[in-house]
Amino acid sequence: MLNHVTAMATSLRQHLPFSSNRTSSNDSDVASYYRNHVAAITGAGSGMGRELAIHLAKMGCHIALSDINPEQLAATKQLLANYDVNVTMTVLDVSDNTAVEAWADNVMAEHGKVNFIFNNAGVALYSTVEGSNISELEWVMNINFWGVVYGTKAFLPLIKNSVKQSQFGEHGHIINISSLFGLTAQASQSAYNSSKFAVRGFTESLRQELNIQNCGVSATCIHPGGIKTNIANSARGNESIHDIGMSTGPKAIRSFNKFLKFDANEAAWIILQAAATNQQRCLIGNDAKMIDAIQRVFPSHYSQVLNDFHQLSRKLKPRRHKKLKTVE
């Protein structure tokens, strides 16, 4: 165990300090990257999608919003009313390829061009592999993975053409949201892991192809840790996780929400900065950075190392409290 700790600490030093990716010195550069461009966003009704829209509007970027929830989508559009940008909205199920293609065509018709697609919409499922049914797995994959594929396929040629036709050196970028769970696996998250690992592989391959083509368009894969969004409240699950010592229902949602600590507004800014600086991969949050480092040091045994530290943390917690009481 001591050898594990030493090796992990060596790796973590390469990632420290664990702080926000945001750098205030290049705020203006980031704004110029998006100003007078057009961005399409899925899952824009809440969470990071909504925050992305607000940041982009502030920077003078025109926006095409989409979400499956019409009320939340309208609320996001209303928040952008005071900005001098063109904002359109479409109620959209990203798992419907025909609908995504139609939305992309409408964005071109309404805005005349499109420069960015943020494939942000996502859902979660907690279940064991044995306990999940095929329809549950398909629900997760259709939204989290195929939604990203459909969005990328529908918008890529339009973005390429917009960049090619522009006489003003416009930018083009595809931003796909994976997850911390696109880097490491987690019990009860096999469906979510599968979808997010798939997004990672898809996006990294896409980026390589775009680099070879030298077409003026690039791609970035985003790996957020626990971001404060509604994903826990809308997650589906079943009682099969009782078999591995986990809870369901309100208790599970409370536990999930405790993991979601990073501010969605700040996460959105980090995403925008990552795309503007053409990062291949962007980790958001200390949890994502730490667990990624552990996975790099222990690629075959990271789950056991994480479990060991979790067990150690639980054992030490009461002692800390006892010590504090003694000092008082």
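Every value quoted in this text rests on a predicted model; they were computed, and no experiment measured them.
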Practice problem: Kindly say whether Ile68 contributes a backbone atom to a donor-acceptor pair with the side chain of Asp93 at under 3.5 angstrom? | Solution: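 No, Asp93 side chain to Ile68 backbone: no donor-acceptor pair under 3.5 Å.
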Exercise. Output yes when a side-chain donor or acceptor of Ser166 lies under 3.5 Å from a complementary backbone atom of Ser162, and no otherwise.
Key: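 Judged by distance alone, no pair lies under 3.5 Å.
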Would you please name every residue forming a side-chain contact (heavy atoms from CB on, under 4.5 Å) with [X], sequence neighbours left out?
X      : answer
Gln208 : none
Leu137 : Ser132, Ile134, Ala191
Leu156 : Lys160, Ile174, Leu206, Leu210, Val217
Asn97  : Glu101, Tyr150

Pairs under 3.5 angstrom only: tabulate donor-acceptor contacts from the side chains of residues 40-52 to other protein residues two or more places apart or in another chain.
unit_1: Thr42; atom_1: OG1; unit_2: Phe118; atom_2: O; d: 3.4
unit_1: Thr42; atom_1: OG1; unit_2: Asn120; atom_2: N; d: 2.8
unit_1: Thr42; atom_1: OG1; unit_2: Ala121; atom_2: N; d: 3.0
unit_1: Arg50; atom_1: NE; unit_2: Gly45; atom_2: O; d: 3.4
unit_1: Arg50; atom_1: NE; unit_2: Thr76; atom_2: OG1; d: 2.8
unit_1: Arg50; atom_1: NH2; unit_2: Gly45; atom_2: O; d: 2.8
unit_1: Arg50; atom_1: NH2; unit_2: Gln72; atom_2: O; d: 3.1
unit_1: Arg50; atom_1: NH2; unit_2: Thr76; atom_2: OG1; d: 3.3
unit_1: Glu51; atom_1: OE1; unit_2: Asn265; atom_2: ND2; d: 3.0

Please list all pairs meeting salt bridge (charged side-chain N to carboxylate O under 4.0 Å, His left out) that have one or both residues in [range], counting only residues at least two apart or in different chains.
range            : answer
residues 72-88   : none
residues 58-76   : none
residues 163-179 : Lys113-Glu170
residues 272-284 : Glu204-Arg281, Arg281-Asp292

Practice problem: For His37, check ring-ring contact (aromatic ring centres under 6.0 Å, His included) against everything at least two apart and list the hits. | Solution: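 ring-ring contact (aromatic ring centres under 6.0 Å, His included) list for His37, sorted by chain: Phe116, His171.
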Exercise. Name all pairs fulfilling the ring pair (Phe, Tyr, Trp, His ring centres under 6.0 Å) condition that reach into residues 94-115, sequence neighbours left out, sorted by first residue then second.
Key: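 Sorted result for residues 94-115: Trp103-Phe155.
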Exercise. Working to the nearest 0.5 Å, report the span between OG of Ser195 and CH2 of Trp146.
Key: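 Going from the OG atom of Ser195 to the CH2 atom of Trp146 covers 13.0 Å.
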Quiz item: Would Met108 end up clustered with Val163 when hydrophobic side chains under 4.5 Å apart are linked, directly or stepwise?
Solution: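 Same hydrophobic cluster.
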Self-check item: For Thr220, all residues meeting side chain to side chain donor-acceptor pair (under 3.5 Å), sequence neighbours excluded
Solution: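 Only His173 meet the side chain to side chain donor-acceptor pair (under 3.5 Å) criterion with Thr220.
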